[in-house]
Every structure is written in structure tokens, then in C-alpha cells.
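Read through the structure below, which is laid out as C-alpha cells, and then see the notes.
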Amino acid sequence: MRILVIDDDTELCGLMSELLSREGYTVECQHDGTRGLARALSGQDDLLVLDVMLPGIDGFEILKRVRTQSRIPIIMLTARGEDEDRIVGLELGADDYVTKPFSIRELMARVKAVLRRVSPQTPEDVYRFSDVEVNVRSNEVLRNGNRIELSAKEFALLAYFVAHPAETLSRDRLLDAVWGYENYPNTRTVDTHIVHLRQKLEPNPEEPRFILTVHGTGYKFVG
């Protein structure tokens, strides 16, 4: 997923870019309204994070012009206490807003929620790779036709992997998807569950073929 951030605060843009990239997103930053609008209209991105106050063209004008050509989801960044900005932004077609100053964790949650809302994914019922069959509807995993016993979290983790093939998934993203922020465990929990899945599904758990480690980032499923 590609995210375009248009904000003239270069330090904040750098921080957002770094942390969103860790979550597996590809991030482009623009600090000028005119250039940001041109990029936003290019159709290259999946979500736009847009500040209201910008040099050149302000965020409201960008929002209006983008909405004449695109339904790309847009999260507005507004100053604290500027209720009118939030109302105007939503009326012009913004999907959500975040009030400055904000926590990066809040922004992450908003990004994920908006993307889920505007681009709902309907998973397939059955996934197959090598001699393994994963049935999402029945919560059943077969290997060579034999049932493999997985815990609830092991199955949820495997189901998330097979639904996101070839994506590099950070530990934080896996924790959020499988355990949820309200029950946020230690990131070592993910590693432990990966070890268990490899032992049950990989031909050689010491040299995994399907659930690969991406050093310094997380994991990738290759079916």
C-alpha cells in the first residue's frame, strides 16, 4: 500500500515516513501544496495524509480538486481546537482527521481503520501451498490430508499470513492484527508462535520455505 503525506513540517513528515514504512507501507512525502496536488492526482497512491496549512495550495483546495477525480481515502491533519477545519474537511470529502499534536500510534490506528473501511478484503475460504491446505471457514489445517492441530492464535496468525502473501509484515503489525492493541503482548510472542508454526508446517523448520524471516523488519509468507 502506498501512502502520500503532504505536510510542510519536514521533521514530522520524516517521522511519519519512517514509522509507516516499518508497518510495511511505501511512503512519499511532499512539502508544497502545488507539488503535492500533482502527486495526489497521479493515481499512484492508496491513501493521502493531508495537512490543512500548506504553502502554495492549502489542504482544503487540494481536497476539493482531488475529490473531483478520485475516491482515494484522505486523512486530514488539523490544528488542535480548530473544529471548523474538521467540519469543513469532512464536508469536502475527507474520510477522517487527526488533530495535531498527535501520537504516531493514533495515526497508525486511523490509517488502518480507514483502509479497512474503504477497501474491505474478503478472504478466500481455502488457501493451498505445497502439501498444506488452510480452510478459513472451518478453522482447519491439513497437511498431506492429515489434520494439523493449531492453537487459536497460531491459526489466526497463519490465516493472516496466507491472506497477505509476499508482504513483509512487521511484528507490530502482526500483533495488532492477531492480538489487538487492547491485549498488546511482547513482540517475542510473535517469534514464539512463528517457531510453532514452522515446526508444524515446514518440511525443515530450521530452513523454512514458507514463513521467512526478514531481518530487522519481521516476516514474509511465501506460498
Side-chain angles (χ1 to χ4, degrees), residues 1-3 20-27 43-47 70-73 75 95-96 105 108-223:
M1 303 289 282
R2 301 184 66 90
I3 297 177
L20 287 167
S21 296
R22 289 182 189 176
E23 291 294 310
Y25 300 107
T26 300
V27 183
Q44 300 179 58
D45 305 291
D46 301 293
L47 182 140
S70 170
R71 289 306 307 166
I72 180 175
I75 297 176
D95 295 274
D96 203 349
R105 183 169 172 177
M108 295 287 189
R110 300 272 187 173
V111 166
K112 293 174 183 178
V114 167
L115 288 175
R116 283 197 299 265
R117 187 164 68 242
V118 302
S119 302
Q121 294 183 349
T122 303
E124 298 292 335
D125 286 340
V126 179
Y127 297 87
R128 295 180 178 86
F129 58 96
S130 186
D131 57 355
V132 178
E133 179 179 300
V134 182
N135 191 314
V136 176
R137 184 178 295 274
S138 65
N139 285 9
E140 186 177 55
V141 178
L142 303 177
R143 184 176 179 186
N144 283 324
N146 299 312
R147 183 182 176 90
I148 302 297
E149 296 297 331
L150 300 181
S151 71
K153 292 302 183 186
E154 288 170 356
F155 184 86
L157 185 60
L158 176 61
Y160 194 79
F161 271 124
V162 298
H164 298 81
E167 286 189 45
T168 298
L169 305 173
S170 70
R171 290 175 176 84
D172 283 345
R173 183 174 171 186
L174 293 170
L175 284 169
D176 182 30
V178 177
W179 283 267
Y181 276 123
E182 68 277 7
N183 297 305
Y184 217 52
N186 188 284
T187 54
R188 291 295 300 172
T189 300
V190 173
D191 299 332
T192 300
H193 282 70
I194 296 294
V195 169
H196 293 165
L197 284 178
R198 285 172 171 170
Q199 290 172 344
K200 295 175 180 180
L201 302 176
E202 296 279 0
N204 181 359
E206 300 301 319
E207 298 180 3
R209 292 170 46 195
F210 309 126
I211 303 176
L212 308 181
T213 300
V214 181
H215 294 289
T217 305
Y219 297 95
K220 178 192 296 186
F221 172 76
V222 181

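All of these numbers come straight from a predicted model, not from anything done at the bench. Only heavy atoms go into these numbers, but all of them, side chains included; no hydrogens, no water, no symmetry mates.
Summarising the local packing, CD of Gln199 is surrounded by more than 12 heavy atoms from other residues, nucleotides or ligands at distances under 6.0 Å.
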Run the numbers on Phe129 and Val222 for side chain to side chain contact (heavy atoms under 4.5 Å, CB included), then give the verdict.
CA-CA 9 Å; Phe129 58 96; Val222 181; over 6 Å; no
Give the intermediate values and the outcome of side-chain hydrogen bond (donor to acceptor under 3.5 Å, both in side chains) for residues Tyr25 and Arg173.
CA-CA 11 Å; Tyr25 300 107; Arg173 183 174 171 186; 5.5 Å; no
After noting the C-alpha distance and the side-chain angles of Asn139 and Leu150, does the key distance pass the side chain to side chain contact (heavy atoms under 4.5 Å, CB included) rule?
CA-CA 9 Å; Asn139 285 9; Leu150 300 181; over 6 Å; no
Show your reasoning for whether side chain to side chain contact (heavy atoms under 4.5 Å, CB included) applies to Thr192 and His196.
CA-CA 7 Å; Thr192 300; His196 293 165; 3.7 Å; yes
Just do the side chain to side chain contact (heavy atoms under 4.5 Å, CB included) check on Phe221 and His164 with the steps written out, would you?
CA-CA 7 Å; Phe221 172 76; His164 298 81; over 6 Å; no
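Here the CD atom belonging to Glu149 is positioned 9.0 Å from the CD atom belonging to Glu140, to the nearest 0.5 angstrom. In this structure, the separation between CZ on Arg71 and CG on Asp95 is 6.5 Å, given to the nearest 0.5 Å. With values rounded to the nearest 0.5 angstrom, Asp96 atom CG is found 10.0 Å from Leu47 atom CG. Once rounded to the nearest 0.5 Å, the distance linking CE of Met108 with CZ of Arg22 reads 8.5 Å. Here Glu154 contributes atom CD and His193 contributes atom NE2; the two are 5.5 Å apart, rounded to the nearest 0.5 Å. Interatomic distance, Lys220 NZ to Thr168 OG1, rounded to the nearest 0.5 Å: 4.0 Å.
One finds no salt bridge joining Arg2 and Asp46 here, because no Lys/Arg side-chain nitrogen approaches an Asp/Glu carboxylate oxygen to under 4.0 Å. Between Asp191 and Arg188 there is a salt bridge, since at least one side-chain N of the basic residue sits less than 4.0 Å from a carboxylate O of the acidic one. A salt bridge is absent between Arg209 and Glu207: the closest approach of a Lys/Arg side-chain nitrogen to an acidic carboxylate oxygen does not fall below 4.0 angstrom.
With Arg198 contributing its side chain and Ile211 its backbone, the two residues share a donor-acceptor pair below 3.5 Å. At distances below 3.5 Å, at least one donor-acceptor pair connects side-chain atoms of Glu202 with backbone N or O atoms of Phe210.
When each of Leu158, Leu201, Val126 is tested with Val134 by the rule side chain to side chain contact (heavy atoms under 4.5 Å, CB included), just one qualifies, namely Leu158. Residue Tyr219 forms a side chain to side chain contact (heavy atoms under 4.5 Å, CB included) with just one option from Val214, Leu169, Thr213, and that option is Thr213.
In plain terms, the two heavy atoms of Ile194 and Phe161 that are nearest each other are CD1-CE1, 3.4 Å.
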